[in-house]
2 protein chains.
Amino acid sequence: MTSDKIREVALRHFTRGGYEGASLADISAEVGIKKQSLYNYFTGKDELFFAVFRDVAAREMLFVEEYLKQNPLPLEKVLYGFLDGYRKRYEREDDTKFFLRMAFFPPRHLRQEIVEYCNHHLDAMGTLLEPFFESAASAGEMHPDVSAERATVAFTAVLDGMFVEMLYGDMERSLKRLDASWYVYWRGIRNS
Amino acid sequence: MTSDKIREVALRHFTRGGYEGASLADISAEVGIKKQSLYNYFTGKDELFFAVFRDVAAREMLFVEEYLKQNPLPLEKVLYGFLDGYRKRYEREDDTKFFLRMAFFPPRHLRQEIVEYCNHHLDAMGTLLEPFFESAASAGEMHPDVSAERATVAFTAVLDGMFVEMLYGDMERSLKRLDASWYVYWRGIRNS
DNA sequence: AATAAACTGACGAACGTTCGTAAGGGGTTG
DNA sequence: CAACCCCTTACGAACGTTCGTCAGTTTATT
């Protein structure tokens with residue numbers, strides 16, 4: 001399907017160049033068609049962008065849902081596995097990088113729509129994550145001084161910290177940061 | 001000085017639109033001159049960009065140096081004050097936001113030069129920060145299980161996590177994250 | 001025959017950049 | 001004091017390119 005191919009190539013171009021830096025000429029050339037032919041599938045650049053954006057958001061959410069659907073495990077395993085799973089996915093796919101870029105630096109004229117989408121995404125992610133902390137708290141896996149909410153918020157910060165280091169591109173540094181962040185984070189919330 | 005004014009306006013435009021999204025026409029219009037007149041001060045867009053970049057990098061480094069120059073304090077105060085000081089600065093100035101944007105998503109044809117600059121910056125920052133952790137470790141302020149290096153790396157991750165939330169723009173969320181991240185981080189490294 | 005998907009051609013607008021030039025101020029000469 | 005030159009700074013006009021987009025036409029599929 002040509003439409004899928006276009007979205008796939010466009011994702012890569014939007015990720016590397018941003019909205020302004022991605023040109024329809026380059027995208028269509030890589031797909032193997034003329035840029036005017038893109039208009040058989042999308043009404044314009046904005047619609048192509050949002051098609052890509054929706055694809056990415058759906059896959060991101062699916063990834064999180066699928067991971068958290070697994071059988072209940074000790075919190076330590078769930079959380080570290082989550083970080084490591086996301087790390088591996090980040091290496092393979094442009095999805096997360098695209099999503100971060102557009103969340104942080106949206107093109108001005110699409111800003112509002114993007115921000116709304118991202119807020120919804122973050123809320124949904126919090127809703128999926130927090131129960132794990134709450135049941136872990138009930139089970140005595142977490143230190144009683146650390147509330148489930150604080151632990152959740154701090155965990156998403158660890159996740160973002162890892163993303164940021166990966167954005168920057170140095171794999172060795174990323175692993176070192178993941179190790180250090182997780183080590184300190186888990187010491188900070190565990191009950192022992 | 002017109003050159004300063006240009007750099008000041010250009011900083012704002014580069015921060016909000018990125019390299020590709022910032023146009024010389026818009027910048028010059030806001031300064032109050034025609035775009036051709038920019039060429040009296042800079043040989044082109046790239047040189048203007050690097051002039052801004054160097055200004056920003058210098059101010060960023062100066063901020064860190066000045067803060068850490070203060071009289072020795074307990075590690076807890078130094079680190080939390082560092083986070084909070086950066087938070088306040090972030091609200092006031094575009095410097096950090098510009099720096100993050102260009103570090104994460106540099107324009108392709110300037111990528112190498114930018115990355116080199118950023119690496120130097122990160123190294124210098126590590127060099128300034130690590131001694132605080134090492135002397136704190138010697139003084140018994142940190143838990144013996146946590147190495148100074150791990151604590152340093154995890155701390156810069158906390159800092160980046162805060163930046164990221166501020167990038168996203170919601171102040172309430174940023175403060176909540178700062179609170180949670182710091183609370184968990186300090187529990188993770190303190191000696192008690 | 002009908003429909004979808006590719007094409008050619010062209011559009012106005014914006015981009016960064018270059019050229020030639022005019023206005024202004026300062027310093028050195030008559 | 002006036003005349004000259006020079007250098008800085010601004011500008012209008014135009015350059016060639018690229019941008020996203022629109023219209024009309026051919027090709028291929030069913």
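Residue numbers begin at 1 in each chain, while the letters A, B, ... track the order of the sequences.
- Of the candidates B:Arg101, B:Arg59, B:Arg16, B:Arg89, B:Arg16 is the only one forming a salt bridge (Lys or Arg N to Asp or Glu O under 4.0 Å) with B:Asp94.
- Running 5' to 3' along DNA chain D, contacts with non-hydrogen atoms of chain B at under 4.0 Å begin and end at D:dT9 to D:dA13.
- Using the six-membered ring where Trp is involved, A:Phe99 and A:His121 have ring planes that are tilted, between 30° and 60° apart.
- Considering every non-hydrogen atom in both B:Leu110 and B:Phe50, the closest pair reads CD2-CE1, 3.7 Å.
- Of the possible donor and acceptor atoms, one in the side chain of A:Tyr67 sits under 3.5 Å from a partner among the backbone N and O of A:Phe82.
- The stretch residues 39-55 of chain A comes close to DNA chain D through A:Tyr39, A:Gly44, A:Lys45, each having a heavy atom under 4.0 Å from the strand.
- Hydrophobic clustering of Ile, Leu, Val, Met, Phe, Trp and Tyr side chains at less than 4.5 Å, counting indirect connections, keeps B:Val153 apart from A:Tyr168.
- The residues A:Glu91 and A:Lys88 are annotated as not salt-bridged, no charged nitrogen and carboxylate oxygen being separated by less than 4.0 angstrom.
- Residue A:Ser23 is classed as a sugar-phosphate contact, given heavy-atom separations below 4.0 Å to backbone atoms only.
- B:His13 approaches B:Glu30 most closely through the heavy-atom pair NE2-OE1, 2.7 Å.
- Spacing between atom CD of B:Gln36 and atom P of C:dC19 amounts to 14 Å, rounded to whole angstrom units.
- Using a cutoff of 4.0 Å between basic side-chain nitrogens and carboxylate oxygens, B:Glu165 and B:Lys176 are not scored as salt-bridged.
- Separating the NZ atom of A:Lys35 from the P atom of C:dC11 is a distance of 14 Å, rounded to the nearest angstrom.
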